[in-house]
There are 2 protein chains.
Amino acid sequence: MSLRDRRRAQTEREVGEVALALFEAHGIDATTVDEIARQAGISPRTFFRYFPTKERAALVPHRDLEDRVAAMVDALSPDRPVLPQLEEIWVEVLTAFDDGRSEAGEQVLRVRRLMRTEPSLRLAAASLDEERTLVLVAHLRDLLGDLDDLRARVLVETAAAAVRVALDAWAEAVETGGEVDLVATYARCRDLQHDPQRAART
Amino acid sequence: MSLRDRRRAQTEREVGEVALALFEAHGIDATTVDEIARQAGISPRTFFRYFPTKERAALVPHRDLEDRVAAMVDALSPDRPVLPQLEEIWVEVLTAFDDGRSEAGEQVLRVRRLMRTEPSLRLAAASLDEERTLVLVAHLRDLLGDLDDLRARVLVETAAAAVRVALDAWAEAVETGGEVDLVATYARCRDLQHDPQRAART
DNA sequence: GTCGTGTTGGCACTCACTGCCAGGATGGCT
DNA sequence: AGCCATCCTGGCAGTGAGTGCCAACACGAC
């Protein structure tokens with residue numbers, strides 16, 4: 001990673017933090033790109049060289065999370081069932097981001113809480129998710145042999161759905177008082193997918 | 001349904017059709033709201049009284065599809081397992097929209113094909129989906145007793161994921177030549193979710 | 001030093017989308 | 001029929017996101 005790349009990543013983080021703070025303080029609609037850029041010490045024009053939309057600036061932590069997943073899919077084995085392996089990856093990543101115990105986890109939590117009141121941010125996150133999903137699907141297809149594209153898509157989308165619900169529930173629980181274990185919530189979502197009857201009784 | 005409502009629905013349909021045709025012809029980015037409004041015989045200001053965004057105009061057929069689902073969830077029974085009932089609803093709705101055999105199905109197909117090359121349209125569809133998902137979840141929560149909110153969300157999202165993948169695969173298959181049975185594709189997606197190992201072998 | 005490459009900031013522009021207001025159509029009423 | 005309340009429409013002016021272009025600038029390699 002070159003010096004230039006590291007500098008870029010650094011400003012990305014700084015601008016993202018400024019944007020997130022402003023969004024939290026005044027709401028997304030009331031925050032202009034000009035204001036973000038001013039507080040971050042860059043020009044509005046440069047802002048759009050770092051982020052394609054205003055909302056994406058707040059999603060830096062979220063992107064980090066998905067980067068970590070992307071880094072782990074290389075280790076997938078074609079010999080064992082894929083879905084459990086995918087789920088295992090998510091468990092590991094979510095464990096690393098759990099609660100506010102880690103810096104990264106704290107940030108993701110801020111983003112997810114903000115999402116609860118900001119539809120445009122949810123949209124932006126969905127858009128980011130979709131990009132990552134495509135990459136993951138392509139990777140899985142290579143791994144499984146190109147034959148079953150449909151299978152790859154279903155697996156990735158299904159796993160992603162469980163994660164999404166778990167993250168939502170997590171943010172909501174934190175908001176409404178109770179501390180909740182993100183990993184446990186995810187495990188529960190996964191069980192509900194695979195055997196709704198049994199999981200519902202627990 | 002009053003006369004005013006019917007008129008409104010009618011213009012909605014007309015404007016939507018104009019928008020869809022223009023999007024297909026020149027791409028979404030190259031199509032301005034002014035142009036859509038001009039061809040539809042309304043003012044741009046009025047356009048935004050019918051649709052909150054440019055893209056939403058193309059999603060009228062898609063909304064119809066989801067309306068039909070919403071109409072059927074009232075008949076859900078709390079006594080039988082919920083997921084199979086949900087899946088049954090989707091099968092019925094998708095059957096009604098299959099191929100280009102019905103007018104409505106033809107329109108949905110056009111939209112889904114357009115989506116393949118237009119990220120902004122995919123986004124808009126995701127946004128619409130989310131609204132409907134929320135309503136469905138709320139309904140399910142009432143039905144199941146408020147207790148398990150998480151369960152309702154997981155079920156709805158999981159079922160929706162299968163539908164999304166099936167619609168995508170359908171549009172892609174039509175695009176690349178082969179006629180494909182939408183309902184069969186959906187059934188396959190559903191099986192892949194519930195038992196990936198066995199379904200993959202078929 | 002200098003040269004090529006990549007980065008920045010300003011400018012001007014397009015266009016989606018919104019609040020406001022004034023006129024016009026509509027449907028219900030007597 | 002005539003009248004009134006209500007909704008619908010179109011125009012106007014404004015905001016602000018996002019983009020192409022160009023000129024100035026920083027940099028690493030030689």
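The chains referred to below are lettered A, B, ... by the order of the sequence lines, with proteins before strands, and numbering in each begins at 1.
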Touch class at under 4.0 angstrom, heavy-atom based, for T31(B) against every strand present
sugar-phosphate
Take atom CZ of F47(B) and atom P of dT18(C), then tell me their distance rounded to the nearest Å.
11 Å
Under 4.0 angstrom, heavy atoms only, what part of the nucleic acid is R8(A) near: base, sugar-phosphate, or nothing?
nothing
Atom-pair distance (NZ on K54(B); P on dA17(D)), nearest Å
18 Å
d(CD1, I42(A); P, dT7(C)) in whole Å:
14 Å
Output the rounded distance in Å from CG (L3(B)) to P (dG28(C)).
9 Å
Distance below 4.0 Å between S43(A) side-chain N/O and dT8(C) OP1 or OP2
no
Under 3.5 Å, side chain of E92(B) to main-chain N/O of E88(B), donor-acceptor pair present?
no
From E12(A), R8(A), E14(A), R13(A), residue fulfilling side chain to side chain donor-acceptor pair (under 3.5 Å) relative to Q10(A)
E14(A)
Would you kindly check whether a donor in the side chain of R49(A) faces an acceptor in the base of dG18(D), or vice versa, at under 3.5 angstrom?
no
Ranking E55(B) and R7(B) by the position along DNA chain C of their nearest nucleotide, the one closer to 5' is E55(B)
Phosphate-side-chain proximity, T46(A) and dT8(C), N/O vs OP1/OP2 below 4.0 Å
no
Tell me whether the side-chain N/O atoms of Y50(A) come closer than 4.0 Å to OP1 or OP2 in dT7(C).
no
Euclidean distance, atom CG of residue D5(A) to atom C1' of dA26(D) [Å, nearest integer]
16 Å
In whole angstroms, how far is the C1' atom of dT18(C) from the CG atom of D29(A)?
12 Å
Assign each of R4(B) and I28(A) the nucleotide of DNA chain D bearing its closest heavy atom; nearer the 5' end lies the nucleotide of R4(B)
Do R6(B) and L3(B) come close enough that some side-chain heavy atom pair is under 4.5 Å?
yes
Could you state the CG-P distance from D34(B) to dT14(C), rounded to the nearest angstrom?
12 Å
Would the base of dG19(C) count as contacting R45(B) through its side chain, where contact means a donor and an acceptor less than 3.5 Å apart?
yes
Does S2(B) reach a base, just sugar-phosphate, or nothing at all? Heavy atoms under 4.0 Å.
nothing
Could you tell me the separation between the CZ atom of F48(B) and the P atom of dC17(C), rounded to a whole number of Å?
5 Å
Result block: side-chain N/O donor-acceptor pairs under 3.5 angstrom for residues 107-116 of chain B, not counting sequence neighbours:
unit_1  : atom_1 : unit_2  : atom_2 : d
Q107(B) : NE2    : E103(B) : OE2    : 3.3
R110(B) : NE     : E24(B)  : OE1    : 3.4
R110(B) : NE     : E24(B)  : OE2    : 3.0
R110(B) : NH1    : E17(B)  : OE1    : 3.2
R110(B) : NH2    : E17(B)  : OE2    : 3.4
R110(B) : NH2    : E24(B)  : OE1    : 2.9
R112(B) : NH1    : H62(B)  : NE2    : 2.7
R112(B) : NH2    : D168(B) : OD1    : 3.1
R113(B) : NE     : E175(B) : OE1    : 2.9

Are E35(B) and R38(B) ion-paired here, with the side-chain N under 4.0 Å from a carboxylate O?
yes
